[in-house]
Amino acid sequence: MAEPFDIYTDVFTITITPFGANLSFSVREAHPAPARQQEIQRLGTVRMSVEHLKAMVTVIRRQVLLVESETGVRAELPNNVLNQLGISQEDWDAFWRQST
């Protein structure tokens, strides 16, 4: 059994196959030199079934919407980040629209 962990991550990679999903988490260096490639340290990978991943995404979405509703603060991403992730503004808005 792996040791429990409590870490901060600012980089993720996801791979989904018919047999499962792999979520790898990494962190960028805190103070990179401007003239060189930023170093990224892989922290670990969490593996699960695709069904587990879909259930987790649904629960996380519900929890984020609840917190946003209770606090009146929306967590948004800048357009350049959405572009880097290949997510259109329309898809982002449709996914995070509160269901009534």
Side-chain angles (χ1 to χ4, degrees):
M1 181 66 137
E3 288 292 319
F5 60 91
D6 185 347
I7 55 175
Y8 173 81
T9 178
D10 61 3
V11 179
F12 71 92
T13 305
I14 183 166
T15 305
I16 301 175
T17 72
F19 305 107
N22 306 305
L23 295 124
S24 294
F25 299 97
S26 304
V27 66
R28 299 176 204 280
E29 64 182 303
H31 304 286
R36 68 174 174 77
Q37 180 80 18
Q38 190 173 16
E39 289 184 30
I40 296 176
Q41 176 189 0
R42 190 172 79 73
L43 301 170
T45 300
V46 177
R47 303 168 196 275
M48 65 189 71
S49 69
V50 177
E51 294 84 358
H52 185 170
L53 177 66
K54 286 181 77 171
M56 190 173 76
V57 168
T58 302
V59 170
I60 290 170
R61 178 185 176 275
R62 183 183 315 144
Q63 188 66 32
V64 169
L65 289 173
L66 179 64
V67 168
E68 287 182 341
S69 174
E70 290 176 350
T71 63
V73 177
R74 288 198 38 127
E76 294 293 347
L77 291 182
N79 284 332
N80 66 330
V81 174
L82 290 175
N83 290 338
Q84 290 174 27
L85 295 171
I87 302 170
S88 72
Q89 186 67 53
E90 295 78 21
D91 287 348
W92 176 263
D93 293 340
F95 182 80
W96 289 107
R97 188 173 306 124
Q98 186 86 358
S99 299
T100 53

Visitor: Any chance you could measure T13, atom OG1, to N22, atom CG, to the nearest 0.5 Å?
Guide: 10.5 Å
Visitor: Can you list every ring pair (Phe, Tyr, Trp, His ring centres under 6.0 Å) pair that touches residues 53-77, not counting sequence neighbours?
Guide: none
Visitor: Does T71 have any side-chain contact (heavy atoms from CB on, under 4.5 Å) partners at least two apart in sequence or in another chain, and if so, which?
Guide: V67, V73
Visitor: Is there a chain of hydrophobic side chains (I, L, V, M, F, W, Y, each step under 4.5 Å between heavy atoms) that links W96 to I60?
Guide: yes
Visitor: Of all heavy-atom pairs between S26 and I40, which one has the smallest distance, and what is that distance?
Guide: CB-CG2, 3.4 Å
Visitor: Please report the shortest heavy-atom distance between R61 and F95, naming the atom on each side.
Guide: NE-O, 2.7 Å
Visitor: So for atom CZ, which belongs to F19, do other residues, nucleotides or ligands contribute more than 12 heavy atoms lying within a distance under 6.0 Å?
Guide: no
Visitor: Using side-chain hydrogen bond (donor to acceptor under 3.5 Å, both in side chains) as the criterion, list what pairs up with W92, not counting sequence neighbours.
Guide: E76
Visitor: Mind listing the closest non-hydrogen atom pair of L53 and A21 along with its distance?
Guide: CD2-CB, 3.8 Å
Visitor: Between L23 and F12, is there a shared hydrophobic cluster once you connect ILVMFWY residues whose side-chain heavy atoms come closer than 4.5 Å?
Guide: yes
Visitor: Could you pull out every donor-acceptor pair under 3.5 Å between side chains of residues 81-90 and any protein atom, sequence neighbours left out?
Guide:
{"residue": "N83", "atom": "ND2", "partner": "N79", "partner atom": "O", "Å": "3.3"}
{"residue": "S88", "atom": "OG", "partner": "D91", "partner atom": "N", "Å": "3.0"}
{"residue": "S88", "atom": "OG", "partner": "D91", "partner atom": "OD2", "Å": "3.4"}
{"residue": "Q89", "atom": "NE2", "partner": "D93", "partner atom": "OD1", "Å": "3.0"}

Visitor: Suppose the criterion is side chain to side chain donor-acceptor pair (under 3.5 Å): which pairs have a residue in residues 27-41, not counting sequence neighbours?
Guide: E29-R36
Visitor: Say whether F25 and I16 are linked into one hydrophobic cluster, either directly or through other cluster members, by side-chain heavy-atom distances under 4.5 angstrom.
Guide: yes
Visitor: Not counting sequence neighbours, list each pair that qualifies as a ring pair (Phe, Tyr, Trp, His ring centres under 6.0 Å) and has a residue in residues 37-62.
Guide: none
Visitor: Answer yes or no: is there a donor N or O on one side and an acceptor on the other, between the side chain of S69 and the main chain of L65, under 3.5 Å?
Guide: no
Visitor: Which residues satisfy the side-chain contact (heavy atoms from CB on, under 4.5 Å) test with F5, sequence neighbours excluded?
Guide: I7, V46
Visitor: Quick one: side-chain hydrogen bond (donor to acceptor under 3.5 Å, both in side chains) partners of R42, sequence neighbours excluded?
Guide: T45
